Student: 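So that we are looking at the same thing, I have put the structure below in structure tokens.
Everything numeric here is computed off the predicted structure, so don't read it as measured data.
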Amino acid sequence: MEQNINLSVADRDLKYYIFDWDDNILRMPTYIHLERRLRDGTWVAHRVSTSLFSVIRGDTENYRPPHGRWDEAFVEFRDFGTGDESQFLKDTRTAIDHVVNGSEPPPPSFNTFRKTLIEGRIFAIVTARGHSSENLRRGVELFIARVLTPGERRTMLANLRGYIVSYDGNAANAAKTDAQALDYYLSLSRYHAVTSPQFEALANGKMPRTDQSEVRKQFAIRDFVEHLFGIIDRIGARKPISVGFSDDDPANVRAVEDYIRRELAQRFPSVRFVVYDTSDPALPSGRKITVSGQLLLGL
């Protein structure tokens with residue numbers, strides 16, 4: 001069967017995206033296990049959603065992890081499950097189905113992520129979860145399979161093959177099967193769960209020892225931008241470059257915004273960095289913050 005190749009992708013600017021997962025791409029049915037202090041001073045077990053946790057996590061007088069252990073609080077956010085499908089994938093399937101069947105509105109970055117995939121843009125998932133990169137990627141594959149229509153998947157594959165021909169200069173690679181073309185694309189993206197053992201190994205010696213997810217996300221973002229420039233240097237592109245970051249946690253948004261201004265904008269002056277604060281339900285697509293301007297790469 002003749003394969004469709006969209007060569008017009010070579011005329012596009014270079015746009016890349018970094019997404020937080022929970023309450024940004026999907027509203028996951030995953031809970032954080034805490035203890036809440038009652039008025040009489042006693043403590044009781046208390047489950048909270050990720051969106052509520054982003055509001056109360058600084059209230060240490062009234063909320064604490066069980067037995068003082070955060071690993072117990074976030075047990076549902078780790079790869080401890082057994083069986084053919086991890087709990088993360090089960091929760092991802094449920095969250096996707098709630099949007100697809102109309103029982104829940106799409107989270108603020110759901111459609112942006114969908115468009116990113118259809119256009120074949122390289123992306124990063126940066127989440128405070130503790131899953132393996134492989135599990136996060138499987139979640140993306142599930143999103144492609146259950147959210148994209150057959151027509152959207154055909155468009156995505158035509159775009160992917162167009163990028164391969166235009167930038168890799170290898171028409172033979174573009175003739176790979178659909179599964180191979182998709183695997184090649186997804187292998188170029190990054191999947192960082194910043195509390196996972198895998199991320200600990202990646203950041204060992206390259207990042208200060210810290211439990212703060214904000215600092216860990218900063219390192220993950222820097223790793224992704226460095227990865228992008230390795231690709232851009234290899235293909236020799238001289239085009240406007242932009243990187244967008246979206247997160248629903250205001251603390252993460254502030255920390256990333258400051259980090260971009262303080263370090264990344266200085267180190268990568270050719271990049272236009274944009275941050276999307278998706279914490280306000282009154283703004284369906286989030287609040288856009290342009291953190292730095294843009295120069296043409298190589299000029």
Student: So, for Phe143 and Trp21, is the gap between ring centers shorter than 6.0 Å?
Tutor: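 No.
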
Student: Tell me every residue that passes side chain to side chain donor-acceptor pair (under 3.5 Å) with Asn62, counting only those two or more places apart in sequence or in another chain.
Tutor: Arg37, Asp59

Student: I'd like to check Pro107 versus Ile25 (side-chain heavy atoms, cut-off strictly below 4.5 Å). Are they in contact?
Tutor: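 Counting from C-beta outward, Pro107 and Ile25 never come under 4.5 Å.
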
Student: With sequence neighbours excluded, what pairs up with Pro105 under the side chain to side chain contact (heavy atoms under 4.5 Å, CB included) test?
Tutor: Arg27

Student: Given Arg57 and Glu214, is the salt bridge (charged side-chain N to carboxylate O under 4.0 Å, His left out) satisfied, shown in steps?
Tutor: CA-CA 13 Å; Arg57 66 174 175 156; Glu214 299 95 325; 3.0 Å; yes

Student: Please step through side chain to side chain contact (heavy atoms under 4.5 Å, CB included) for the pair Asp20 and Val126, ending with a clear verdict.
Tutor: CA-CA 5 Å; Asp20 175 49; Val126 176; over 6 Å; no

Student: For the pair Thr116 (side chain) and Arg121 (backbone), establish whether a donor and an acceptor sit closer than 3.5 Å, ignoring hydrogens and angles.
Tutor: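 Not at all, since once roles are kept as given, no pair shorter than 3.5 Å links the two residues.
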
Student: Who are the side chain to side chain donor-acceptor pair (under 3.5 Å) partners of Arg47, not counting sequence neighbours?
Tutor: none

Student: Can you give the donor-acceptor pairs under 3.5 Å from side chains of residues 200-208 to other protein atoms, not counting sequence neighbours?
Tutor:
{"from": "Glu200", "atom 1": "OE2", "to": "Arg216", "atom 2": "NH1", "distance (Å)": "3.2"}
{"from": "Glu200", "atom 1": "OE2", "to": "Arg216", "atom 2": "NH2", "distance (Å)": "2.7"}

Student: Atom CZ of residue position Arg153 - does it have more than 12 heavy atoms of other residues, nucleotides or ligands inside 6.0 Å?
Tutor: yes

Student: Which residues, ordered by chain and number, are linked to Tyr276 in its hydrophobic cluster, where ILVMFWY side chains connect at heavy-atom gaps below 4.5 Å, directly or through other members?
Tutor: Val274

Student: Under the rule for side chain to side chain donor-acceptor pair (under 3.5 Å), what residues qualify as partners of Ser279, not counting sequence neighbours?
Tutor: Asp277

Student: Evaluate Ser109 against Asn24 for side-chain hydrogen bond (donor to acceptor under 3.5 Å, both in side chains), listing each step before the verdict.
Tutor: CA-CA 5 Å; Ser109 291; Asn24 189 47; 2.9 Å; yes

Student: Suppose we screen for side chain to side chain contact (heavy atoms under 4.5 Å, CB included). Which residues come up paired with Thr30, at least two apart in sequence or across chains?
Tutor: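 Result, side chain to side chain contact (heavy atoms under 4.5 Å, CB included) vs Thr30: Met28, Glu76, Phe77, Asp91, Arg129.
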
Student: List for me each residue that meets side chain to side chain donor-acceptor pair (under 3.5 Å) alongside Ser187, sequence neighbours excluded, and say none if there are none.
Tutor: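 Side chain to side chain donor-acceptor pair (under 3.5 Å) check on Ser187 returns nothing, list empty.
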
Student: Hey, could you give me each pair passing salt bridge (charged side-chain N to carboxylate O under 4.0 Å, His left out) that has a residue in residues 138-152? Not counting sequence neighbours.
Tutor: Asp97-Arg146, Arg114-Glu152, Arg137-Glu141

Student: So Ser133 and Leu136, do their side chains get closer than 4.5 Å, heavy atoms only?
Tutor: no

Student: What about the rings of Phe123 and Tyr17, do their centers lie closer together than 6.0 Å?
Tutor: no

Student: According to ring pair (Phe, Tyr, Trp, His ring centres under 6.0 Å), does anything in residues 195-215 pair up with another residue at least two apart or in another chain? List the pairs.
Tutor: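 Qualifying pairs, neighbours excluded: His192-Phe199, Phe199-Phe219.
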
Student: Salt bridge check, Arg161 against Asp178: does any charged N sit closer than 4.0 Å to a carboxylate O?
Tutor: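 Counted as a salt bridge, because a side-chain N and a carboxylate O are separated by less than 4.0 Å.
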
Student: Counting only heavy atoms not in Arg261 (residues, nucleotides, ligands), do more than 12 fall under 6.0 Å from its CZ?
Tutor: yes

Student: Just by distance, do the side chain of Asn159 and the backbone of Thr155 share a donor-acceptor pair under 3.5 Å?
Tutor: yes

Student: Quick one: sort the Tyr63 and His46 rings into parallel, tilted or perpendicular, breaks at 30° and 60°.
Tutor: tilted

Student: Mind checking the CD1-CZ spacing from Ile241 to Arg272? Nearest 0.5 Å is all I need.
Tutor: 13.0 Å

Student: Among residues two or more places apart or on two chains, list those pairs meeting ring pair (Phe, Tyr, Trp, His ring centres under 6.0 Å) that have a residue in residues 249-268.
Tutor: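 Matches after skipping sequence neighbours: Phe229-Phe268.
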
Student: Measuring only between side-chain heavy atoms, which start at C-beta, is Val271 closer than 4.5 Å to Leu264?
Tutor: no

Student: Do you reckon Leu142 sits in the same ILVMFWY cluster as Val140, going by side-chain contacts under 4.5 Å, direct or chained?
Tutor: yes

Student: Donor-acceptor pair, Thr278 side chain versus Asp248 backbone, under 3.5 Å?
Tutor: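 It does hold such a pair.
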
Student: Do any N or O atoms from the side chain of Ser166 and from the backbone of Gly162 form a donor-acceptor pair under 3.5 angstrom?
Tutor: yes

Student: Who are the side chain to side chain contact (heavy atoms under 4.5 Å, CB included) partners of Glu35, not counting sequence neighbours?
Tutor: Trp43, Arg64, Pro66

Student: Kindly determine whether Tyr163 and Arg12 satisfy side-chain hydrogen bond (donor to acceptor under 3.5 Å, both in side chains), including the steps that lead there.
Tutor: CA-CA 10 Å; Tyr163 279 121; Arg12 294 176 176 172; 3.2 Å; yes

